[in-house]
Amino acid sequence: MISIILNIIITVAQVVGGLISGSLSLLSDALHNFSDVLSLIISYIANKLSAREASVSKTFGYKRAEIIAAFINASSLIVIAIILIKEAVERYFNPQSIDSTMVIWLAILAIAGNGFSVLLMKADSKTNMNMRSAYLHLVTDMLASVAVLIGGLLMKYYQLFWIDSVLTAGIAIYLIVVGYDLLKSSFNVLMLFTPSDIVIKDIVEAVCEIEEIKNIHHIHIWQLNEKEVHLEAHVEFHKNISISEFDSILTKIEKVANDEFNINHINIQPEFNKEDPKDIIVQD
Ligand SMILES: [Zn+2]
């Protein structure tokens, strides 16, 4: 919470400072900080939403709110970065004078603010993975502000105004790298792609080791959100087993899927001599 508030203060100061001083690199650092604040707020709201209960009209509740938030965050990050690169290229060939004193002071403010957040999180970052990623993110934020500070000094003492465009492009490229990763992983979840750490061939082999099972086919493995992985499939049996026998085999399948593949929701259609396509992946 403290680091969110600090980030908001820094961002507002940098946006105003960037506009007044005419420094694009300060503005891009601000937009980066702004996107951080936005993603923290969106994650917070999404988190609250996803805790809402499911209902007859929303059987999954809002469990995908965080994935949609991540997708929107990543897309806007990339759009912002592309606009910044376009501006930076135009500025490079047409440099403008910049109030470098203001750039220097605002960069120092950003370094101090982010530095304080880094200190706050340092202890937690050693035990909690989520805090560790937030911590590392803040460290890179601080390095971006250090670059802006160095740029401000070069502009003030050597009038190297082109440095502003170069720094802007550097920050924008960093935004694209971060945004692309997030865009790709949220896109994969939204498209119901098989989670990248699950190999379908392995799960087929593991399930077929249960002796009553003839084959498993028509498989779908997809993620509802970061926590929940679903498996849907048809399972064909050698014999016309009873439903209670199926139940005990289902428990075995659930155990394999859960222990070896981290799949936590399973929906199986049992079959005996049913005429349907027996491909592992059924087209259409
Ligand atoms: Zn089938």
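As the structure lists them, so they are numbered: ligands from 1, and atoms in each ligand from 1.
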### Geometry at the Zn ion (ligand 1) - D276 OD2 versus H234 ND1 angle, rounded to 10 degrees
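With the Zn ion (ligand 1) as the vertex, ND1 (H234) and OD2 (D276) sit 100° apart.
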Task: Q14 side chain to T11 side chain, donor-acceptor N/O pair below 3.5 angstrom - done: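 Short answer, no.
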| Counting backbone and side chain alike, does H217 bring an N/O/S atom below 2.8 Å of the Zn ion (ligand 1)? |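 A backbone or side-chain N, O or S atom of H217 is under 2.8 Å from the Zn ion (ligand 1).
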Please tabulate, for side-chain N and O atoms in residues 197-208, each donor-acceptor pair with protein atoms closer than 3.5 Å (sequence neighbours left out).
none

Minimum-distance atom from the Zn ion (ligand 1) among N, O or S atoms of E271:
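The Zn ion (ligand 1) is closest to the E271 atom OE2, counting only N, O or S.
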For residues 163-174, which side-chain donor-acceptor pairs fall under 3.5 Å, sequence neighbours excluded?
from	atom 1	to	atom 2	distance (Å)
D164	OD1	S23	OG	2.9
D164	OD1	S25	N	3.2
D164	OD1	S25	OG	2.5
D164	OD2	L24	N	2.8
D164	OD2	S25	N	3.4
S165	OG	A88	O	3.3
S165	OG	Y92	N	3.3
T168	OG1	S25	N	3.1
T168	OG1	D164	O	2.7
Y174	OH	T140	OG1	3.0

Worksheet entry | Note, K227 side chain near E66 side chain (heavy atom, < 4.5 Å) |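 Yes, close enough: below the 4.5 Å cut-off.
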